[in-house]
Amino acid sequence: MADDAIDRVAGAALSGEPGWEYAPAPESREIVSIANEYGLFVDGEFEPAKKGRTFPTINPATEEPLAKVALAGQADVDRAVAAARAAYEQVWGPMPGSERAKYLYRIARILQERSREFAVLESIDNGKPIKETRDVDIPLAAAHFFYYAGWADKLEHAGFGPQPRPLGVAGQVIPWNFPLLMAAWKLAPALAAGNTCVLKPAETTPLSALLLAEVCQQAELPAGVVNVLTGAGETGAAIVAHPGINKVAFTGSTEVGIAIAEAIAGSGKKLTLELGGKAANVVFDDAPVDQAIEGIVNGIFFNQGHVCCAGSRLLVQESVADHVVDRLRQRLATLRLGDPLDKNTDIGAINSRQQLDKITELSSAGEAEGAHRWSPPCELPKKGFWFAATVFTGVSQSHRIAREEIFGPVLSVLTFRTPEEAVTKANNTPYGLSAGVWTEKGSRILWMAQKMRAGVVWANTYNRFDPASPFGGYRESGFGREGGRHGLAAYLDV
Ligand code: NDP
């Protein structure tokens with residue numbers, strides 16, 4: 001859109017006048033059939049939890065109950081680990097890599113074939129906009145299976161010695177922000193390397209992992225190779241602590257990551273942790289402003305900011321700060337918040353009431369500590385969990401909103417004068433997962449990338465993912481890498 005058109009629409013929205021209205025463009029729910037009740041996926045079959053316990057999963061955009069899901073206890077964990085062990089020893093471990101690859105390809109192809117169904121289901125259970133599940137979550141999940149299928153018969157060429165060995169049974173605990181994608185990040189490299197898996201999706205988003213279990217059946221994956229145990233934190237803790245687990249992979253909060261590291265210390269289990277972040281997105285005065293604005297918006301408002309690598313701290317050079325913030329406000333006024341299944345929606349629902357409370361509390365703390373809070377005029381739906389895009393200016397480094405992971409659509413703006421100051425401020429965090437740099441100078445990009453302590457640094461872009469590219473953090477953001485050749489190392493005895 002030309003600048004004057006952006007100004008017109010944004011100006012209208014900021015003044016509360018109607019700009020232009022988008023006609024509703026809802027994606028149909030018909031393609032998805034949600035059962036009333038779901039069992040655990042153990043040894044190739046769905047079965048109720050041994051104690052018969054269940055928990056509800058709801059649509060966070062409407063609070064409508066979707067289904068009852070089995071809650072796995074210790075006896076279920078024992079059974080799933082035993083099934084995974086048997087599959088590892090008798091079928092999957094001894095199977096040639098070229099055969100394992102075929103199953104991974106099959107899963108990838110079925111994900112593609114059923115992508116619309118997955119996209120709709122993920123939007124309903126998670127609250128994220130359909131355009132993101134359709135264009136990002138599901139295609140990337142399939143891409144991970146394709147990518148690691150390619151490695152399954154080439155492990156001896158991956159740089160880990162002539163005959164790298166799998167570890168055995170992997171216990172994998174994933175969060176709610178990218179439910180299917182995180183399952184793919186965990187399962188694909190583990191399976192390619194010859195391990196079997198016990199996966200626990202998050203309590204608020206179990207449905208796409210259960211549909212993936214159905215895909216495993218459809219692909220005729222041997223029983224026990226992938227087991228999906230739904231449940232709460234205690235289920236995750238039981239998987240992690242189980243003596244039959246050889247490798248633990250966790251994505252989630254730093255707090256739980258630390259608890260897991262303590263729980264398995266000395267057990268000999270191999271561990272990778274992908275934890276929180278408080279990334280700096282650094283905009284220099286020579287950056288192309290319109291592109292930077294898109295990158296800032298994508299960095300923090302993509303997936304309602306429920307992104308560990310979100311660019312939640314905008315560091316902008318003082319000489320252009322006012323201009324950048326003005327442009328950003330204009331752009332935010334054009335974002336559409338609402339029905340996640342509408343193809344025009346930019347900002348969907350917050351995943352849970354608990355997360356909404358956390359975002360609300362931290363945002364109130366930002367105001368109380370003296371930062372200036374701004375949101376575009378925006379009507380929130382009456383039911384469900386919603387939070388308007390929010391920008392804080394006048395933020396200082398000691399404010400909680402500059403230090404703590406909010407995990408919501410909330411941006412804290414800080415300024416800097418020199419590149420050295422930008423680096424110091426960017427690194428002034430206990431985290432170290434990701435960062436962004438916006439400048440037209442290639443030499444400055446390289447200098448910044450060397451100086452910033454972050455596992456991933458994006459230059460003149462943000463939130464770009466590719467299965468071939470390793471991802472992971474330093475310090476309180478965890479350790480180990482997922483994706484690429486490095487992602488295999490986490491599942492091999494190297
Ligand atoms: P958690 O870290 O608690 O949850 C992540 C996963 O771990 C879920 O499957 C959870 O199960 C499980 N889990 C919880 N406790 C344990 C345990 N003791 N042992 C093993 N597994 C466990 O994140 P929350 O959902 O509670 O979110 C809290 C905050 O964490 C967010 O506000 C956000 O700041 C941050 N977060 C960061 C993520 C990231 O990718 N960096 C992802 C998610 C959250 P269950 O869902 O059933 O509780």
Side-chain angles (χ1 to χ4, degrees), residues 24-49 52-72 106-142 145 174 176-184 187 199-221 223 226-231 338-343 345 348-349 351-352 383-385:
E27 176 71 60
S28 166
R29 279 179 72 143
E30 308 254 299
I31 195 161
V32 167
S33 97
I34 299 178
N36 291 331
E37 206 159 328
Y38 286 88
L40 309 169
F41 184 64
V42 178
D43 208 11
E45 300 294 336
F46 287 93
E47 60 180 38
R53 290 194 294 164
T54 61
F55 62 96
T57 183
I58 65 165
N59 178 341
T62 59
E63 299 174 60
E64 153 209 8
L66 294 172
K68 276 194 204 166
V69 180
L71 195 157
R106 253 189 235 170
I107 293 171
R109 289 305 306 271
I110 298 170
L111 279 176
Q112 288 186 320
E113 280 163 19
R114 300 178 70 173
S115 61
R116 213 171 127 226
E117 186 183 353
F118 269 101
V120 173
L121 183 68
E122 195 81 304
S123 280
I124 294 173
D125 200 23
N126 173 283
K128 60 170 73 189
I130 184 78
K131 74 173 176 192
E132 293 182 7
T133 57
R134 181 196 61 199
D135 298 346
V136 181
D137 296 65
I138 314 305
L140 265 180
F145 280 101
I174 56 172
W176 41 263
N177 52 344
F178 293 93
L180 182 74
L181 185 57
M182 288 301 107
L187 293 174
L199 174 84
K200 192 199 89 67
E203 195 178 339
T204 56
T205 54
L207 296 185
S208 57
L210 291 167
L211 189 58
L212 181 61
E214 224 179 280
V215 167
C216 292
Q217 282 182 323
Q218 196 182 341
E220 297 176 5
L221 190 72
V226 168
N227 303 273
V228 178
L229 295 183
T230 43
D339 180 6
L341 283 184
D342 191 310
K343 285 172 251 178
T345 293
N351 180 251
S352 64
K383 291 213 88 175
F385 315 129

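Only this structure's heavy atoms are used, side chains among them; waters, hydrogens and symmetry mates stay out.
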Give a yes or no answer on whether the side chain of E63 reaches the backbone of G384 with a donor-acceptor pair at less than 3.5 Å.
yes
Candidate list D137, T345, T133, test side-chain hydrogen bond (donor to acceptor under 3.5 Å, both in side chains), partner K128, passing option
D137
To the nearest 0.5 Å, what is the distance between CG on L341 and CG on N59?
7.5 Å
Grab the two heavy atoms, one from A142 and one from A108, that are nearest each other, plus how far apart they are.
O-CB, 3.7 Å
With a 4.5 Å limit on heavy-atom distance, are the side chains of S208 and P179 in contact?
yes
Minimal non-hydrogen separation, A209 against L199, with atom names
CB-CD2, 4.4 Å
Is there a side-chain contact between T230 and L40 in this structure, where contact means two heavy atoms from C-beta onward sitting under 4.5 Å apart?
yes
May I ask you to test the P60-N126 pair for a side-chain heavy-atom distance under 4.5 Å?
no
Q217 side-chain N/O to G44 backbone N/O, donor-acceptor pair under 3.5 Å:
yes
Output for pair (I174 CD1, L180 CG), nearest 0.5 Å, gives 8.0 Å
Which heavy-atom pair separates P129 from G348 by the least distance, and what is that distance?
CG-N, 3.7 Å
Taking distance alone, no hydrogens or angles, what donor-acceptor pairs closer than 3.5 Å link side-chain atoms of residues 29-36 to residues at least two apart or in another chain?
unit_1: R29; atom_1: NH1; unit_2: E64; atom_2: OE1; d: 3.4
unit_1: R29; atom_1: NH2; unit_2: E64; atom_2: OE2; d: 3.4

I'd like to know whether CZ of R109 has more than 12 heavy-atom contacts from other residues, nucleotides or ligands below 6.0 angstrom.
no
Would you say the side chain of F118 lies within less than 4.5 Å of the side chain of E122, judging by non-hydrogen atoms?
no
Looking at side-chain heavy atoms only, is the closest gap between L221 and V215 below 4.5 Å?
no
Measure the shortest side-chain to side-chain distance between R116 and E27 over non-hydrogen atoms and say whether it is less than 4.5 angstrom.
yes
Correct closest heavy-atom pair for A184 and F145 would be CB-CE1, 3.7 Å
For residues F46 and A213, report the shortest heavy-atom separation together with the two atoms involved.
CZ-CB, 3.7 Å
Residue pair G127 / P340: nearest heavy atoms and the distance that separates them:
O-CG, 3.3 Å
Could you measure the distance from the CG atom of L211 to the CD atom of Q218? Nearest 0.5 Å is fine.
9.0 Å
Looking at side-chain heavy atoms only, is the closest gap between V228 and L212 below 4.5 Å?
no
Heavy-atom distance under 4.5 Å between the side chains of V120 and S28, does that happen here?
no
I'd like to know if the side chain of R53 and the backbone of L71 have a donor-acceptor N/O pair within less than 3.5 Å.
no
How many angstroms lie between atom CD1 of I58 and atom CD1 of I124, to the nearest 0.5 angstrom?
13.0 Å
Nearest 0.5 Å please: distance from the OG atom of S123 over to the CD1 atom of I130.
4.0 Å
